[in-house]
Asks: 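Sharing a structure below in structure tokens format, with a few things to ask.
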There are 2 protein chains.
Amino acid sequence: MVTIKQVAELAGVSFKTVARVVNKEPGVKAYNVEKVEDAIAKLGYRPNKAASLVRKKQSDVIGFISDEISTTPASVAILKGAQDMAWEQGKTLMVFNLDPKRPNKDKLYEECLQHRSEGIIYGAMYHQSVEFSELFKTLPTVLVNCVSTHNDFTSIVPDDELAGYYVTKQLLYKGYRRIAFLNLNPEIMAAQQRQQGFLKAMQEYGIPEKQWRIDTIEQVVEGRTVNIAGEVAKQVIQEFKPDAVLCGKDLAAIKVYLVLERLGLTIGKDIGVASFDNWHDIPEILEPQLSTMALPYYEMGRMAVAQILSLITNNNKAEQPTHYKVPCLLFDRKSF
Amino acid sequence: MVTIKQVAELAGVSFKTVARVVNKEPGVKAYNVEKVEDAIAKLGYRPNKAASLVRKKQSDVIGFISDEISTTPASVAILKGAQDMAWEQGKTLMVFNLDPKRPNKDKLYEECLQHRSEGIIYGAMYHQSVEFSELFKTLPTVLVNCVSTHNDFTSIVPDDELAGYYVTKQLLYKGYRRIAFLNLNPEIMAAQQRQQGFLKAMQEYGIPEKQWRIDTIEQVVEGRTVNIAGEVAKQVIQEFKPDAVLCGKDLAAIKVYLVLERLGLTIGKDIGVASFDNWHDIPEILEPQLSTMALPYYEMGRMAVAQILSLITNNNKAEQPTHYKVPCLLFDRKSF
DNA sequence: CTTAAGAATGACAACGTTGTAAAAATAAAT
DNA sequence: ATTTATTTTTACAACGTTGTCATTCTTAAG
């Protein structure tokens with residue numbers, strides 16, 4: 001690899017002058033700038049970020065640790081948002097995935113430390129509560145889509161309660177009065193909070209208990225989450241005969257659509273369907289198109305980097321960690 | 001940040017001895033090892049990878065550049081595979097996404113060069129042909145899910161022709177004789193090659209032209225790809241009345257399922273459905289479960305890193321680039 | 001033409017490591 | 001006990017940058 005000194009030699013100036021040109025520092029004669037730039041182009045010189053870091057003690061790298069996140073399509077958007085923001089701010093993201101078999105967060109954190117990351121973002125697949133060791137206090141650290149069990153980190157999560165409340169209210173507002181909520185695994189915070197929002201809306205409208213029903217579409221068997229949306233949907237719809245179904249995720253809504261098609265019910269007329277996620281093409285591929293609460297993952301990713309940067313500039317001073325709840329947006333289509 | 005010298009001072013040895021302990025070099029007295037390890041623990045020392053790189057000229061970093069890949073769920077698995085393999089081999093992946101608005105591959109390549117990446121993986125969203133500048137010849141470079149327009153890079157792609165051939169043969173073998181192929185955008189290599197495989201199988205079985213039909217479920221309007229699976233599926237099924245439908249992707253299969261449910265046809269009995277992708281939970285959430293050709297993205301990601309490592313150790317010597325076609329696996333479920 | 005001030009350039013230390021070679025300590029052989 | 005061989009430790013240069021400060025070159029003023 002060609003170094004700054006080789007460039008200097010070819011350009012016939014001192015290597016410090018080359019450094020000035022490379023870093024766009026002022027005070028270099030135009031003819032020298034030209035000579036240097038020619039030499040750089042000719043030799044194909046690229047500054048060595050590592051050497052620069054050693055001297056400057058500034059890596060411009062932010063670590064991104066995720067629990068499986070980058071394989072789950074729903075929350076890939078977090079990564080994308082973080083990456084876009086990081087790039088805009090002249091930072092580079094270093095991405096690590098937890099090994100699902102031996103999930104060792106600390107090991108990855110160590111890796112980030114060795115690369116002299118300036119901060120760490122930890123992203124989770126589902127909105128949940130996660131335990132962190134003291135090690136995570138080393139650098140400015142922000143949690144996305146999860147909170148710490150001791151609430152001792154700045155976190156960015158979707159406002160699932162508000163989302164549950166809002167979509168339920170919309171259902172009620174449009175006149176639906178017998179609603180089945182096919183919720184996610186209740187161990188997940190998202191499920192709990194949405195349920196609270198759901199209940200709050202029910203209460204405000206004074207809907208009696210017999211007119212709604214909550215079931216879970218995920219079962220945890222030996223640590224693995226099993227999707228039972230199919231059977232549950234069929235059973236709930238046939239037994240309870242709701243006039244609207246609220247699904248915990250778009251994938252479950254597919255299942256509901258299929259059941260309803262088979263029963264000959266017209267979605268959006270005979271029965272309403274709503275959901276959470278707004279996952280890629282799914283809501284638009286369904287017919288009628290699915291109305292769903294979009295989870296603001298992309299925005300959350302951006303916010304995470306923004307928060308990290310703010311922590312860095314404030315020198316991570318131990319003020320109270322902040323907990324951000326990002327509102328979700330209803331994509332109002334045709335299914336209710 | 002604490003340095004090796006501070007550790008040496010506390011341990012009462014020279015900093016070179018500390019370096020030996022850190023790098024597990026032999027020839028340090030046991031009592032010194034202990035003193036050093038104590039000091040390291042007490043001070044929380046972590047080796048500075050950047051400083052190490054400057055001296056050793058070995059970054060252990062592999063660059064991963066993708067065109068939108070990490071936002072498209074189908075191929076996120078590539079990234080995961082690459083990351084797993086990299087981690088196993090003691091390498092770190094540095095991930096960059098192309099900005100879809102201003103897709104400047106070279107800029108990201110430059111970034112990797114500045115970090116002294118040892119090699120670059122370029123991953124594409126769809127199996128396609130991509131043009132690369134000379135810059136990409138700088139480091140050992142491997143393409144995943146795409147090939148270069150001049151075939152001048154080692155590439156790893158799914159064997160889409162074989163996949164198309166195989167799944168079609170399976171359909172024919174099971175007795176289906178009137179098959180509609182709802183193919184992806186024909187500009188994409190995946191679509192072209194699957195079509196070749198499809199036709200080859202048709203020919204081998206001597207199926208006359210009138211008994212099959214190929215339509216496209218994606219339209220390119222002003223650079224944007226628009227999904228028209230819905231209308232096409234409905235139209236083809238009603239007009240052509242196939243006894244089997246082969247879908248270009250699982251998402252399109254959802255659409256086909258919905259159409260068939262409405263028409264009262266029983267999938268797997270009245271009509272067969274097959275697809276490509278094996279995308280997350282979708283094939284299993286459908287009923288009957290969808291038989292689909294799984295694209296070997298995870299494996300391709302792993303292979304990419306393996307190839308990079310082999311190129312690195314062979315010093316990237318300009319032998320002919322190799323083109324790997326990875327076979328796809330049929331997940332044989334219940335839909336045909 | 002001389003001088004002073006300011007602009008441009010250069011010399012060199014420093015960053016935290018690794019690599020090399022020399023020095024010191026220990027063990028083995030005489 | 002002395003010498004030799006071996007193991008362990010240390011001193012110091014090197015890596016490619018950036019930061020500091022001294023030096024040289026320009027330009028303008030006297």
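The chains referred to below are lettered A, B, ... by the order of the sequence lines, with proteins before strands, and numbering in each begins at 1. Since the model is a prediction, treat every value here as computed from it, not as a measurement.
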Asks: Without decimals, in angstroms, what is the distance between A:I4 CD1 and D:dG19 P?
Replies: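 For the pair A:I4 CD1 and D:dG19 P, the rounded distance is 12 Å.
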Asks: What is the distance from CE of B:M1 to C1' of C:dC15, rounded to the nearest Å?
Replies: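 Rounded to the whole Å, the gap is 15 Å.
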Asks: Does the side chain of A:Y324 come within less than 4.5 Å of A:Q307's, by heavy atoms?
Replies: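 Yes, side chains in contact.
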Asks: Can you confirm whether the side chains of A:N97 and A:S66 place a donor and an acceptor under 3.5 Å from each other?
Replies: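 Yes - a donor-acceptor pair under 3.5 Å links their side chains.
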Asks: Using whole Å, report how far CG of A:L113 lies from C1' of C:dT17.
Replies: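 That distance rounds to 17 Å.
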Asks: OP1 or OP2 of D:dC15 less than 4.0 angstrom from a side-chain nitrogen or oxygen of A:N48, does that happen here?
Replies: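 For A:N48, the contact criterion (side-chain N or O under 4.0 Å from OP1 or OP2 of D:dC15) is not met.
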Asks: Give the ring-plane orientation class for A:Y109 versus A:F136, where under 30° counts as parallel, over 60° as perpendicular and anything between as tilted.
Replies: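 Tilted.
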Asks: How long is the line joining NZ of A:K56 and C1' of C:dC15, in whole Å?
Replies: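 Value for this atom pair: 13 Å.
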Asks: Examine the side chains of B:S133 and B:D106 and answer whether a donor and an acceptor come within less than 3.5 Å of each other.
Replies: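 Checked: B:S133/B:D106 side chains pair up, N/O donor to acceptor below 3.5 Å.
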Asks: Check salt bridge (Lys or Arg N to Asp or Glu O under 4.0 Å) between B:E134 and all other residues, then give those that pass, not counting sequence neighbours.
Replies: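 Listed in chain order: B:K137.
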Asks: Do B:Y297 and B:V326 touch side chain to side chain, with heavy atoms closer than 4.5 Å?
Replies: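 Contact flag for B:Y297/B:V326 side chains = no.
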Asks: For B:L53 and C:dC15, give me the distance from atom CG to atom P, rounded to whole Å.
Replies: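 It works out to 19 Å between those atoms.
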Asks: Of B:R116 and B:G12, whose closest DNA chain D nucleotide lies nearer the 5' terminus?
Replies: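 Upstream on the strand: B:G12.
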Asks: How many Å lie between CG on A:D60 and C1' on D:dT18, as a whole number?
Replies: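 The distance from CG of A:D60 to C1' of D:dT18 comes to 14 Å, rounded to the nearest Å.
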Asks: Hey, is CD on B:E88 packed in by over 12 heavy atoms from elsewhere, all under 6.0 Å?
Replies: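 Count over threshold, so yes.
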Asks: Is NZ or CZ of B:K80 both nearer than 6.0 Å to the six-membered ring centre of B:Y298 and within 45° of the ring axis?
Replies: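 Geometry flag: not set, cation outside 6.0 Å or 45°.
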Asks: Cut-off 3.5 Å, side chains only: do B:S148 and B:E131 have a donor facing an acceptor?
Replies: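 Their side chains do not contain a donor-acceptor pair, so the 3.5 Å distance test is not met.
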Asks: Could you tell me whether the side chain of A:R55 has a donor or acceptor atom within less than 3.5 Å of a complementary atom in the base of D:dT17?
Replies: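 When only heavy-atom distances are counted, A:R55 does not reach the base of D:dT17 through any donor-acceptor pair under 3.5 Å.
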Asks: In whole angstroms, how far is the C1' atom of C:dG16 from the CD atom of B:Q58?
Replies: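 For the pair B:Q58 CD and C:dG16 C1', the rounded distance is 17 Å.
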Asks: Could you check which residues of residues 13-20 of chain B get a heavy atom under 4.0 Å from DNA chain D? Sort them by number, please.
Replies: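 The stretch gives B:V13, B:S14, B:F15, B:K16, B:T17, B:R20 as the residues lying under 4.0 Å from the strand, ordered by number.
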Asks: Considering only heavy atoms, which members of residues 24-32 of chain B lie under 4.0 Å from some atom of DNA chain D?
Replies: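 Heavy-atom cutoff 4.0 Å gives B:G27, B:V28, B:K29, B:N32.
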Asks: Send over the distance from A:K49 NZ to D:dT18 C1', rounded to a whole Å.
Replies: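 Between C1' of D:dT18 and NZ of A:K49: 15 Å.
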